[in-house]
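Lettering follows sequence order; numbering is per chain, from 1.
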Amino acid sequence: MPLALLLSRIRLPPAAMPSTRSASSARLVRASRADANPVVREVKRESSVSFDISKPESPSVKRKRVKRELEENGEHPVKQVVPDIEDFRYDKTKALTSSIKVEKKARVSAVIKVGAPENWEAVLRGIKNMRLSGQAPVDTKGCEKAGSLLPPKERRFAVLISTMMSSQTKDEVTHAAVERLSENGLLDPDAIVRTDEAMLANLIKPVGFYQRKAQFIKEASKICLERFGGDIPDSLNELLALRGVGPKMAHLVMSIAWKNTQGICVDTHVHRISNRLGWVFREGTKQKTTTPEQTRMYLEKWLPKDEWEPINPLLVGFGQTICTPLRPKCDMCGITNLCPSAFKESSSPNPKQKKTRPP
DNA sequence: TTCCGGGTAC
DNA sequence: GTACCCGGAA
């Protein structure tokens with residue numbers, strides 16, 4: 001996965017710590033950004049995507065969505081053995097946090113102690129060893145990260161843009177797209193805003209979903225300019241407020257652009273492998289988690305924080321080489337003695353069963 | 001040739 | 001749940 005590559009590649013100086021911004025002023029600016037230019041509107045019309053171009057997601061709508069997601073995943077009781085992770089995750093928007101908490105229903109029943117899985121350290125050691133011997137694509141397909149030579153602010157912007165482009169896209173392709181942007185002087189929010197969206201899409205074309213991403217990147221650039229002085233948002237919530245940036249991207253950007261890891265970056269590999277290892281469960285059950293967000297929240301309950309950032313590139317590389325989505329190579333795996341799923345998924349999956357969930 | 005993964009928006 | 005997009009696997 002490209003994201004982990006970014007993680008492993010980008011080394012920022014211990015730059016400025018995030019500063020707190022006024023949520024209300026941010027809201028004002030954001031509310032006034034419906035003045036999409038004609039070009040953007042045209043492109044949007046041609047798109048088959050059916051969303052209302054006159055109403056970009058408002059802050060309140062976004063907040064509702066974030067809240068809904070939190071509640072979906074927060075179906076666990078409020079009382080936990082570890083401190084409520086929300087306490088520090090959304091500390092930049094106290095109002096939001098408190099409203100979430102107010103609406104969060106405490107269910108005192110079914111409180112189960114969430115401890116670290118047995119042998120997790122041995123498992124982690126074993127995976128690290130495997131990662132030392134066999135080089136995963138995530139490690140070796142290293143072309144130099146674009147933006148690495150830029151000053152901190154420009155580099156952060158490059159990180160955001162490359163991250164937004166990286167999903168569903170191979171490392172090399174993402175890198176090539178970043179290079180193309182760089183060659184055209186487009187690793188700059190002002191330049192992007194002044195660039196025709198179709199042209200931008202064309203430049204990044206090999207990346208997956210390039211049209212939507214071009215659109216989202218333009219929007220994000222505009223917000224960076226208008227609200228953050230051309231810098232990128234420095235809090236999780238403000239990153240999440242950018243269209244095209246979900247939890248995974250937001251946590252990744254916080255980690256690598258701001259050196260401020262606020263949560264685990266859970267991609268498909270981390271999600272899948274955590275479940276295979278029996279590291280995460282849906283709250284109050286012993287069932288697998290169904291979404292990366294559930295996985296993230298459960299993992300964060302027991303995984304020591306200094307492992308939060310390295311766990312992503314570690315499991316991504318492991319997932320690329322050995323613990324693959326289909327037919328995991330258990331015979332090549334060094335931790336089968338510790339893995340509850342070892343040799344259980346080796347045959348071709350039954351397509352009929354594929355989409356069924358555990359009850 | 002068909003199908004699927006992958007993160008997000010809707 | 002589907003759409004987005006494309007490479008690569010089945």
Side-chain angles (χ1 to χ4, degrees), chain A residues 1-7 43-66 68-69 72-73 137-138 141 160-174 176-177 197-198 200-220 236 239-253 263-273 275 289-296 312 315-316 319-321 323-329 345-357:
Chain A
M1 266 281 100
L3 299 167
L5 187 55
L6 284 175
L7 262 179
V43 174
K44 283 175 179 172
R45 273 196 205 101
E46 287 166 12
S47 160
S48 59
V49 188
S50 59
F51 51 76
D52 187 344
I53 57 173
S54 64
K55 291 179 187 169
E57 189 181 47
S58 69
S60 61
V61 170
K62 180 87 183 200
R63 254 177 254 121
K64 278 177 195 165
R65 181 171 61 73
V66 171
R68 168 173 44 81
E69 288 165 359
E72 278 173 7
N73 297 291
V138 67
K141 289 182 182 171
L160 175 64
I161 298 306
S162 52
T163 302
M164 290 179 74
M165 291 195 298
S166 68
S167 67
Q168 292 84 45
T169 306
K170 288 191 167 189
D171 299 333
E172 321 86 85
V173 176
T174 304
E197 185 177 310
L200 188 61
N202 203 44
L203 278 172
I204 67 171
K205 194 158 189 174
V207 311
F209 310 142
Y210 61 95
Q211 292 184 84
R212 310 195 81 194
K213 284 175 183 173
Q215 174 196 347
F216 293 155
I217 285 170
K218 269 201 88 159
E219 287 181 16
L236 199 66
L239 285 167
L240 285 170
L242 303 175
R243 293 213 300 159
V245 177
K248 180 202 166 183
M249 303 299 187
H251 284 292
L252 187 72
V253 171
I264 298 171
C265 176
V266 175
D267 64 10
T268 182
H269 294 288
V270 176
H271 180 55
R272 178 184 71 254
I273 295 170
N275 276 291
T289 57
T290 53
T291 67
E293 272 293 89
Q294 285 177 359
T295 298
R296 180 181 61 76
N312 179 277
L315 293 191
V316 168
Q320 287 175 330
T321 53
C323 201
T324 49
L326 261 48
R327 283 175 289 284
K329 301 174 175 60
E345 297 182 39
S346 295
S347 59
S348 214
N350 181 350
K352 296 261 161 53
Q353 288 182 330
K354 213 171 158 284
K355 285 180 179 163
T356 62
R357 284 184 187 177

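B:dG6 atom C1' lies 15 Å from atom CG of A:Leu252, rounded to whole Å. If you take CD of A:Gln320 and C1' of B:dG5, they are 13 Å apart, rounded to a whole angstrom. Per the geometry, CD1 belonging to A:Ile204 stands 11 Å off C1' belonging to C:dC5, to the nearest Å. Atom CD of A:Gln215 and atom P of C:dA3 are 18 Å apart (whole Å). Rounded to whole angstrom, the span from the CG atom of A:Leu326 across to the C1' atom of C:dG8 amounts to 12 Å. In this entry the distance linking CG of A:Leu242 with P of B:dG7 reads 18 Å, nearest Å. For A:Ile217 and B:dT8, the CD1 to P distance is 14 Å, given to the nearest whole Å. Counting to the nearest Å, the P atom of B:dG5 and the CZ atom of A:Arg327 are 12 Å from each other.
If you take CG on A:Asn312 and NE2 on A:His269, they are separated by 9.0 Å, rounding to the nearest 0.5 Å.
Among the nucleotides B:dG6, B:dG7, C:dG7, the one closest to the side chain of A:Lys170 is C:dG7. Listed nucleotides C:dC5, B:dG6, B:dG7 differ in distance to A:Met249; the shortest reach to its side chain belongs to B:dG7. Comparing atom distances between the A:Arg243 side chain and each of B:dG7, C:dC6, B:dA9 picks out B:dA9 as nearest.
Neither OP1 nor OP2 of C:dC6 sits under 4.0 Å from any side-chain N or O of A:Gln168. Dashed line: the shortest gap from a side-chain N or O of A:Arg272 to OP1 or OP2 of B:dG5 is not under 4.0 Å. For A:Lys205 and C:dC6, the shortest distance from a side-chain N or O to OP1 or OP2 is not below 4.0 Å. The phosphate of B:dG6 has neither OP1 nor OP2 within less than 4.0 Å of any side-chain N or O from A:Ser167.
Closest approach of A:Cys323 and A:Ile273 over heavy atoms only: SG-CG1, 3.8 Å.
Comment: A:Glu219 engages A:Arg243 in a salt bridge, judged by a side-chain N to carboxylate O separation of less than 4.0 angstrom.
Two residues, A:Phe216 and A:Pro325, neighbour DNA chain B, and the one matched to the more 5' nucleotide by heavy-atom proximity is A:Pro325.
The backbone N or O of A:Lys170 lies less than 3.5 Å from a partner atom in the side chain of A:Thr174, making a donor-acceptor pair.
More than 12 heavy atoms of other residues, nucleotides or ligands sit less than 6.0 Å from atom NZ of A:Lys329.
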